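As a basis for the values below, the full set of heavy atoms in this structure was taken, side chains included, without hydrogen atoms, waters or symmetry mates. Small disclaimer: the values here were computed from a predicted structure and weren't measured.
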Amino acid sequence: MAINLQKGQRQAINAPKFTIGLGWDTNASSTGTSFDLDASIFVMGENKKILSDQHFIFYNNLVSPDGAVEHTGDNLTGEGSGDDEQIKIDLSKVDPRVTEICVVVTIHEADARRQNFGQVRNSYVRVFDSVTNEVILKYELEEDFSIETAVEFGRIYKRNDEWKFEAVGVGMKGGLQDYLNKYN
């Protein structure tokens, strides 16, 4: 049975292959323009910096060099039920230098489109076993991010040879470049 996390809670991930599913609903009528939310993954080492440019996984770089992290592709509209974007992780392939995998969602062209996460609802991240499809954990973002245009949903990190997920839920007024500056 899945564990529902609250902000700041952590949970061990005891599956060598798992998928991170991200979902959201948007209120396009509030801006008159459709939303394009993008999931990005930062694969980092001990210094909390991206290992290389190829370890920044997003819609233009779908697979990490070690093949351990794979973005399944960009959903341009967020229409429909279920996960809007997914990232597959295979811990058996992870580069030994990797200690953290950060999951961020940004709004594409948020400033130009006058959009923010206050217009996004039902946001969640879930982790499920890629082999059995059993949901391991789920974290629903319940805060109102009325000015934020990017949110760090969660992070997977290694401590004492065990991989865990932390529900982060921290927003930022900025975009992908701000996260690249932070983690480069």
Side-chain angles (χ1 to χ4, degrees), residues 1-28 35-44 57-59 62 64 68-94 98-108 115-146 148-172 176 179:
M1 187 166 154
I3 295 172
N4 288 317
L5 297 180
Q6 300 298 315
K7 184 175 181 171
Q9 286 186 309
R10 296 171 169 89
Q11 174 64 36
I13 299 176
N14 296 317
K17 292 182 181 180
F18 59 90
T19 302
I20 302 167
L22 299 153
W24 49 76
D25 294 320
T26 59
N27 185 1
F35 278 74
D36 178 10
L37 275 65
D38 296 315
S40 301
I41 306 296
F42 299 87
V43 181
M44 300 182 283
I57 311 305
F58 69 118
Y59 55 82
L62 296 175
S64 63
V69 180
E70 178 187 350
H71 193 305
T72 61
D74 190 14
N75 178 331
L76 298 173
T77 65
E79 294 296 317
S81 61
D83 299 340
D84 292 304
E85 293 191 11
Q86 291 185 335
I87 293 90
K88 296 178 181 178
I89 309 245
D90 184 345
L91 294 175
S92 69
K93 295 181 178 179
V94 169
V98 174
T99 59
E100 188 170 329
I101 300 168
C102 181
V103 182
V104 170
V105 177
T106 55
I107 301 174
H108 185 68
Q115 296 172 339
N116 60 58
F117 270 92
Q119 299 154 318
V120 176
R121 62 193 190 291
N122 302 326
S123 300
Y124 69 84
V125 58
R126 68 186 187 113
V127 175
F128 63 93
D129 187 310
S130 297
V131 177
T132 67
N133 283 330
E134 181 182 339
V135 177
I136 300 167
L137 61 90
K138 186 171 184 178
Y139 169 48
E140 297 177 24
L141 278 77
E142 296 174 351
E143 289 109 273
D144 179 21
F145 297 105
S146 58
E148 291 84 351
T149 53
V151 175
E152 185 174 332
F153 274 49
R155 68 185 188 107
I156 294 123
Y157 65 96
K158 187 177 184 179
R159 182 127 333 118
N160 300 326
D161 288 327
E162 181 179 44
W163 288 94
K164 293 184 176 186
F165 177 88
E166 178 183 6
V168 176
V170 173
M172 173 193 296
L176 208 44
Y179 279 102

Contacts of type salt bridge (charged side-chain N to carboxylate O under 4.0 Å, His left out), residue Arg155, not counting sequence neighbours: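 Residues passing salt bridge (charged side-chain N to carboxylate O under 4.0 Å, His left out) with Arg155: Glu100, Glu166.
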
Residues that Lys7 engages under salt bridge (charged side-chain N to carboxylate O under 4.0 Å, His left out), provided they are two or more places apart: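 For Lys7, the residues satisfying salt bridge (charged side-chain N to carboxylate O under 4.0 Å, His left out) (neighbours in sequence not counted) are Glu143.
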
For Phe18, ring pair (Phe, Tyr, Trp, His ring centres under 6.0 Å) partners two or more places apart: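 With sequence neighbours excluded, Phe18 shows a ring pair (Phe, Tyr, Trp, His ring centres under 6.0 Å) to no residue whatsoever.
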
Results of ring pair (Phe, Tyr, Trp, His ring centres under 6.0 Å) for Phe153 - residues two or more places apart only: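 Result, ring pair (Phe, Tyr, Trp, His ring centres under 6.0 Å) vs Phe153: none returned.
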
Output a table of donor-acceptor pairs, distance under 3.5 Å, between side-chain atoms of residues 157-164 and any protein atom two or more places apart or on a different chain; print 'none' if there are none.
from   : atom 1 : to    : atom 2 : distance (Å)
Tyr157 : OH     : Arg10 : NE     : 3.0

Suppose we screen for side chain to side chain donor-acceptor pair (under 3.5 Å). Which residues come up paired with [X], at least two apart in sequence or across chains?
X: Asp129; value: none
X: Ser92; value: Asp90
X: Ser123; value: none

All side-chain contact (heavy atoms from CB on, under 4.5 Å) counterparts of [X], not counting sequence neighbours:
X: Thr99; answer: Glu46
X: Gln86; answer: Thr19, Thr72, Asp83, Arg126, Phe128
X: Ala167; answer: Leu5, Tyr139, Phe165

Is there side-chain contact between [X] and [Y], with heavy atoms separated by less than 4.5 Å?
X: Val103; Y: Ile20; result: yes
X: Leu22; Y: Ile87; result: yes
X: Val120; Y: Val151; result: no

Strictly distance-based, threshold 3.5 Å: is any side-chain N or O of [X] a donor or acceptor partner for the main-chain N or O of [Y]?
X: Asn122; Y: Asp25; answer: no
X: His108; Y: Asp38; answer: no
X: Ser64; Y: Val69; answer: yes

